[in-house]
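Only one structure is covered here, and it is reproduced in the block below.
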Amino acid sequence: MIAQLSKLDEIQAEAAAAVEQITDAEQGLEAWRVKYLGRSSDLTQVLRGLADLPEEERPALGRRGNEVRQFLEGLLREKSEQLRQAELDRSLSRERLDVTLPGRPVRTGKIHPTTLTLQRICDFWRDLGFQVFESRDVETDEYNFELLNIPKHHPSREMWDTFYTSDENVILRTHTSPGQIHAMREFAPEPCRVILPGMCYRYEQISARSEIQFNQVEGLAIGESITFSNLKGDLGLFARHLFGEDTRTRFRASHFPFTEPSAEMDIECFVCGGEGCAVCKETGWLEILGCGMVHPKVLENGGYDPAVFTGYAYGMGPERVAMLLHGITDIRNFWRNDFRFLEQF
Ligand code: PHE
């Protein structure tokens, strides 16, 4: 029995020394537990051997054996707690939370450049007393052409390559001008001042300069004393608002069946200041819109007496305007949904 007792002392001393060397809970400590407390450990052997001892020796050895087991179990608990704490300290110092760091910016959406330009255009006209009037994208031949003084088979229809549906009278509007008729019929015989923003569609070859769908903003003012001077004045004001205080404008005679006289407005190239550059194709001028005095027939179709009322109208493309404002060289970018493009606005 003396031999067993000293064996127990040996186990206790060895286990206590071994536990000091352990640095990781997963493997080191588990191996230690198996070696000193497991089913085939020396301690278990000694305790099993109790049965072979004379009865009077058993209690003393049993007591000492249990003492050693409890001591080892205490070591196990202590060490495992110690390792857990060490791991916690390590991860706390590794993943320290610095509450004074500035927050990460949240990625927000941006407004599409066409929409932005549309908003700027509409804001300006709203301040002049024009109200937004929206009408449908799918139109009849009558509204898109005939009521605008463009009869069937008239050669001027070539200006508007059209998407037809299976019903040849139902088309996608090629410009926002049919909205003029809708607005007039709504307001006549009261004067009206409206802007008509909306998507238009043309059956065209897609290129850097032209898309099959694009926006237009139409303006229409009808009253008893509206003259070409009002048209020039208001559009000049608009150009200076959008392109800068010193922007010069010029009006070139043009032709639209629904206005008489008709004109196109150019602004002095703001890239070269009129000197001539690649943007204005060396002309010094940029074409930005079509306009004119509403044709008497169109006034009549809208429900106004052309002997009493006159009006002006204009139409422009916000994509074109956005291209000029931001130096965008390819109109197809507006529909590409490329973040690198869209995020710049
Ligand atoms: N609707 C014409 C176009 O699409 C533009 C325009 C509008 C011209 C109003 C004159 C008056 O080309």
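Just follow the structure's listing: the first ligand is 1, and inside any ligand the first atom is 1. This structure is a prediction, so every number in the text was calculated from the model and none was measured. We count residues from 1, following the sequence as given.
At under 3.5 Å, a nitrogen or oxygen of His175, whether backbone or side chain, sits near a nitrogen or oxygen of ligand 1. In terms of polar-atom proximity, defined here as any N/O pair under 3.5 Å, Arg202 does make such a contact with ligand 1. The shortest N or O to N or O distance between Ser177 and ligand 1 is under 3.5 Å.
Ligand 1 has at least one atom lying under 4.0 Å from a heavy atom of Gln216.
Looking only at atom types and distance, the side chain of Thr117 has no donor-acceptor partner in the side chain of Thr114 under 3.5 Å away.
The aromatic rings of Phe187 and Phe133 are tilted relative to each other, their planes meeting at an angle between 30° and 60°.
Residues Phe243 and Val217 fall within the same hydrophobic cluster, defined by Ile, Leu, Val, Met, Phe, Trp and Tyr side chains chained together at heavy-atom separations under 4.5 Å.
Ion pairing between a basic and an acidic side chain is recognised when a charged N comes within 4.0 Å of a carboxylate O; Lys297 and Glu260 show no such pairing.
Given atom 2 (C) of ligand 1, the protein heavy atom at minimum distance is Phe258 CZ, 3.8 Å. Of all protein heavy atoms, the one lying nearest to atom 3 (C) of ligand 1 is Trp160 NE1, 3.7 Å. Nearest non-hydrogen protein atom to atom 9 (C) of ligand 1 is Glu218 OE2, 3.3 Å. Among protein heavy atoms, atom 5 (C) of ligand 1 sits closest to Gly315 CA, 4.2 Å.
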